[in-house]
Amino acid sequence: MALKLYNTRTRTVEAFAPLREGEVRIYVCGLTPSAQAHLGHARSFLFFDVLRRYLAHRGYRVTHVQNVTDIDDRSIKAGIETGRDYHAIVEHFYAEFKESMRKLGILEYDFEPYATKYIDEIQQMIRELVENGHAYVTRDGVYYRVSTFQRYGRLANRNVADLEAGARVEVDENKEDPLDFALWKFAKPGEPRWPFEPYGDGRPGWHIECSAMARALLDPPGVGFDIHGGGADLIFPHHENEIAQSEPLMAQPPMANFWVHGGLLLFDNRKMAKSLGNFEPLIDLLQRHDPQAIRWLFLQTGYRKVMNFTEGSITAAALGLSRIKAAYRSLCRPERSGQSRRSVVEGRSIDEKLEAALDDDMNTAAALAVLFEFVADLPDPDADPTRAAAALDALDYWLPILGIEPNASWLAEPAAELPADFTQRLQSALSMNLDGMMPPEAVERVVALRAQARLEKNWGESDRLRDALARCGVELKDGKEGTTWRVASS
RNA sequence: GGCGACGUAGCCAAGUGGUAAGGCAGGGCUCUGCAAAAGCCCCAUUCGGCAGUUCGAAUCUGCCCGUCGCCUCCA
């Protein structure tokens, strides 16, 4: 078995094979930080993060490029409206985006090119296109001549006639054809500009930066790279235009062997978009929800499917994830419950099952099902430490491939999470003197008092102590070997 | 108008010809002084509707209904 992936270019699921032995080069269209990122962005980038992790598991050396379009009409407009430098706005939003990506556990990209750092490469490409007759100069910029590219529309499965019939293309007297698009826009007063001889000062159009940066970083010889990714909304016109710009200059098209697109995220059954304003900034959402739960939620749905987001779905995902966490914890720190567990079913190994799921066009939902079943069949660490250790190893290996990194909180380190004023609050809840005690000590003291009360069958006192702790956020568990406690999961 | 996706239990969702994964919620149970936590068990004769192809269809074909996306900035 090997990885099979849906390829938008051929509209089929194909066996994946890299162009160069042992190496996979991926270009993902990144953010245009003219506004805050939302959950829809997260879904898309989360998918490509899992893809590259799985590719690495499959033994490939992965090069992941994700660009930053740090110059576009919107950020310029925002700059003018707020009287700030457009680039300061872009940097602000991008820094915030990166913070969100960090929280979500997205791996650093190997290259993170900014469009404005590749002006030379962009201009070089435009020159070549003009020389080859694929582009022409008008009063307000340099345009791509769509009619010169036979395959235009193939990626998006459109034909030029249909596109023109759509008649929603902006009429522009400067253009030869409504479908033509800007490669370079001449600067109007007050707009950022880069000199560009002999055409005129200005800035790059939207699509050219990706063509230029992909060529510079992944494919200088012009023979193509492996995977070009992005959200499904980029297929047309963005990716179609990238192809039109790149392929006429290549020694050997196609630009990318696989075109991979993530399904859009809907909110209130409408697409999440800056222009629709129906979204909560990602950074805010991450404040209210566990980033791992958000990742888990997306892992539960096929990456190509349109998905409608509801807040409750994150909670449900978090609950599901907590099952995995509890199982993980039980392997690390067996809670001796005396409960019988079914023994591990000796079938196909978990590796085979997970690979089968993921090989099938990255079916992460099936992979999660495998994990849930695996976790329901864990060996008892007391009875069979060897197999328990193997099970723990399996989780430690596979969870990170999905981008879920088991961390200290999975082991419920209670002391670390108690607020500073905890002792104070517990003291007043119990009208008891706990002066000078660190929060964990205070808990231990109360637990000990309760143990004594229980010994004396003083249930009233026992319950009073437990309830007071509960009000302060500490949850007690009476087990066979005594009482354990942890910070309640809010 | 053109192109496309989707419609599976109360909710989310996998499955694209061989007789419905998984998660959440719900119910039962174990444990327990009572709890909590955890675990175990149960929970779709059925896949938007109708017709057809087939030994066999959620899966293929046709029509219909519904929702959404792209064609304009978009992950």
Side-chain angles (χ1 to χ4, degrees), chain A residues 11 28-32 34-35 37-48 69 72-74 77 153 156-159 161-170 179 206 229-238 240 261-266 269-276 296-297 299-302 304-310 312-313 315-324 326-327 329-330 335 337-342 357 360 363-373 376 378 412 454 457-459 462-463 466-467 470 475-480 483-486 488-489:
Chain A
R11 281 183 290 285
V28 176
C29 285
L31 195 72
T32 301
S34 54
H38 54 68
L39 233 210
H41 295 109
R43 182 190 185 193
S44 184
F45 299 133
L46 239 10
F47 168 69
F48 288 104
T69 302
D72 80 311
D73 293 352
R74 276 178 173 276
K77 196 174 156 212
N157 192 31
R158 317 267 162 103
N159 61 60
D162 287 344
L163 287 168
E164 285 177 335
R168 295 177 67 179
V169 195
E170 199 177 312
L179 259 31
W206 175 31
D233 53 345
L234 293 181
I235 296 172
F236 194 92
H238 186 56
E240 195 69 61
H261 293 98
L264 297 184
L265 186 71
L266 309 182
N269 248 18
R270 306 288 309 179
K271 181 177 134 179
M272 272 194 186
K274 294 167 192 171
S275 57
L276 294 175
W296 197 258
L297 169 67
L299 253 12
Q300 285 183 74
T301 304
R304 289 196 280 132
K305 262 194 133 179
V306 172
M307 177 179 172
N308 191 41
F309 168 73
T310 59
S313 64
T315 309
L319 256 7
L321 213 212
S322 72
R323 295 254 318 267
I324 304 290
R329 191 159 48 234
S330 79
E335 285 155 3
S337 56
Q339 297 152 7
S340 61
R341 280 197 166 98
R342 287 183 289 153
D360 182 18
N363 190 338
T364 53
L368 295 201
V370 170
L371 285 173
F372 277 117
E373 281 166 354
L378 292 178
R454 294 180 72 211
K457 296 200 191 299
N458 185 352
W459 309 128
S462 167
D463 290 348
R466 184 181 63 207
D467 293 347
E475 211 163 61
L476 297 185
K477 287 189 277 185
D478 294 331
K480 283 222 165 84
T483 299
T484 58
W485 60 277
R486 67 172 195 180
S489 48

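In what follows, chains are A, B, ... by sequence order, proteins preceding strands, each numbered from 1.
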Determine the interatomic distance between [atom1] on [N] and the same-named atom on [M]; round to the nearest Å.
| N | M | atom1 | result |
| --- | --- | --- | --- |
| B:rC73 | B:rG48 | P | 36 Å |
| B:rC43 | B:rC55 | P | 34 Å |
| B:rC34 | B:rA44 | C1' | 38 Å |
| B:rC6 | B:rU59 | P | 13 Å |
| B:rU72 | B:rC3 | C1' | 16 Å |
| B:rA9 | B:rG49 | P | 10 Å |
| B:rC63 | B:rU16 | P | 24 Å |
| B:rC60 | B:rG4 | P | 16 Å |

From [options], pick the nucleotide closest to the side chain of [X]?
| X | options | value |
| --- | --- | --- |
| A:Phe45 | B:rA75, B:rA37, B:rC24 | B:rA75 |
| A:Asn269 | B:rA37, B:rA75, B:rU67 | B:rU67 |
| A:Pro237 | B:rC71, B:rG69, B:rC40 | B:rC71 |
| A:Leu266 | B:rC68, B:rC3, B:rA37 | B:rC68 |
| A:Ala366 | B:rA14, B:rC73, B:rA25 | B:rA14 |
| A:Arg74 | B:rA75, B:rG15, B:rC73 | B:rC73 |
| A:Ala365 | B:rA21, B:rC71, B:rC68 | B:rA21 |
| A:Ala316 | B:rA38, B:rA36, B:rC24 | B:rC24 |

base_contact_polar ([N] base, [X] side chain, donor-acceptor, <3.5 Å):
| X | N | result |
| --- | --- | --- |
| A:Ser330 | B:rG39 | no |
| A:Asp478 | B:rC34 | yes |
| A:Arg158 | B:rC71 | no |
| A:Arg43 | B:rA75 | no |

Output, in order, the C-alpha distance, side-chain angles, deciding distance and verdict of side chain to side chain contact (heavy atoms under 4.5 Å, CB included) for A:Arg74 and A:Thr32.
CA-CA 9 Å; A:Arg74 276 178 173 276; A:Thr32 301; over 6 Å; no
Kindly give the heavy-atom pair with the smallest separation between [X] and [Y], and that separation in Å.
| X | Y | answer |
| --- | --- | --- |
| A:Ala365 | A:Gln300 | CB-O, 3.3 Å |
| A:Ser44 | A:Gly231 | OG-N, 4.0 Å |
| A:Ala232 | A:Leu264 | N-CD2, 4.1 Å |
| A:Phe45 | A:Leu31 | CZ-N, 4.2 Å |
| A:Gly153 | A:Glu240 | N-OE2, 2.8 Å |
| A:Ala327 | A:Leu378 | CB-CD1, 3.6 Å |

Pick base, sugar-phosphate or nothing for [X], based on heavy-atom distances below 4.0 Å to the nucleic acid.
| X | result |
| --- | --- |
| A:Thr301 | sugar-phosphate |
| A:Leu264 | base |
| A:Gly262 | nothing |
| A:His38 | base |
| A:Gly312 | nothing |
| A:Leu265 | base |
| A:Ala369 | base |
| A:Gly229 | nothing |

Nearest-0.5 Å distance, CZ of residue A:Phe47 to NE2 of residue A:His261
11.5 Å
Partner nucleotide of [N] by Watson-Crick or wobble geometry (both distances under 3.5 Å):
| N | result |
| --- | --- |
| B:rU46 | none |
| B:rA38 | B:rU30 |
| B:rC60 | B:rG52 |
| B:rC68 | B:rG4 |

When you measure from the side-chain N and O atoms of [X] to the phosphate of [N], is any distance below 4.0 Å, counting only OP1 and OP2?
| X | N | answer |
| --- | --- | --- |
| A:Arg323 | B:rG23 | yes |
| A:Arg270 | B:rG69 | yes |
| A:Asn363 | B:rG15 | yes |
| A:Lys77 | B:rC73 | no |
| A:Lys305 | B:rG7 | yes |

Is there ring stacking between A:Trp459 and B:rG33, where the centres must be under 5.5 angstrom apart and the planes under 30 degrees?
yes
To the nearest Å, how far apart are [X] [atom1] and [N] [atom2]?
| X | N | atom1 | atom2 | result |
| --- | --- | --- | --- | --- |
| A:Glu240 | B:rC71 | CD | C1' | 11 Å |
| A:Leu299 | B:rA13 | CG | P | 14 Å |
| A:Asp463 | B:rC34 | CG | P | 11 Å |
| A:Glu373 | B:rG22 | CD | P | 5 Å |
| A:Phe372 | B:rG22 | CZ | P | 11 Å |
| A:Arg304 | B:rG7 | CZ | C1' | 17 Å |
| A:Leu476 | B:rA36 | CG | P | 13 Å |
| A:Asn308 | B:rA13 | CG | C1' | 13 Å |

Please examine the side chains of A:Leu265 and A:His38, heavy atoms only from C-beta on, and report whether any two atoms are closer than 4.5 Å.
no
Hey, is the main chain of A:Ala366 close enough, under 3.5 Å, to the side chain of A:Asn363 for a donor-acceptor pair?
yes
Pick the closest RNA chain B nucleotide for A:Leu31 and for A:Leu297 by heavy atoms, then say which residue is nearer the 5' end.
A:Leu297
Specify the residue among A:Thr315 and A:Met272 whose closest nucleotide of RNA chain B lies further upstream toward the 5′ end.
A:Thr315
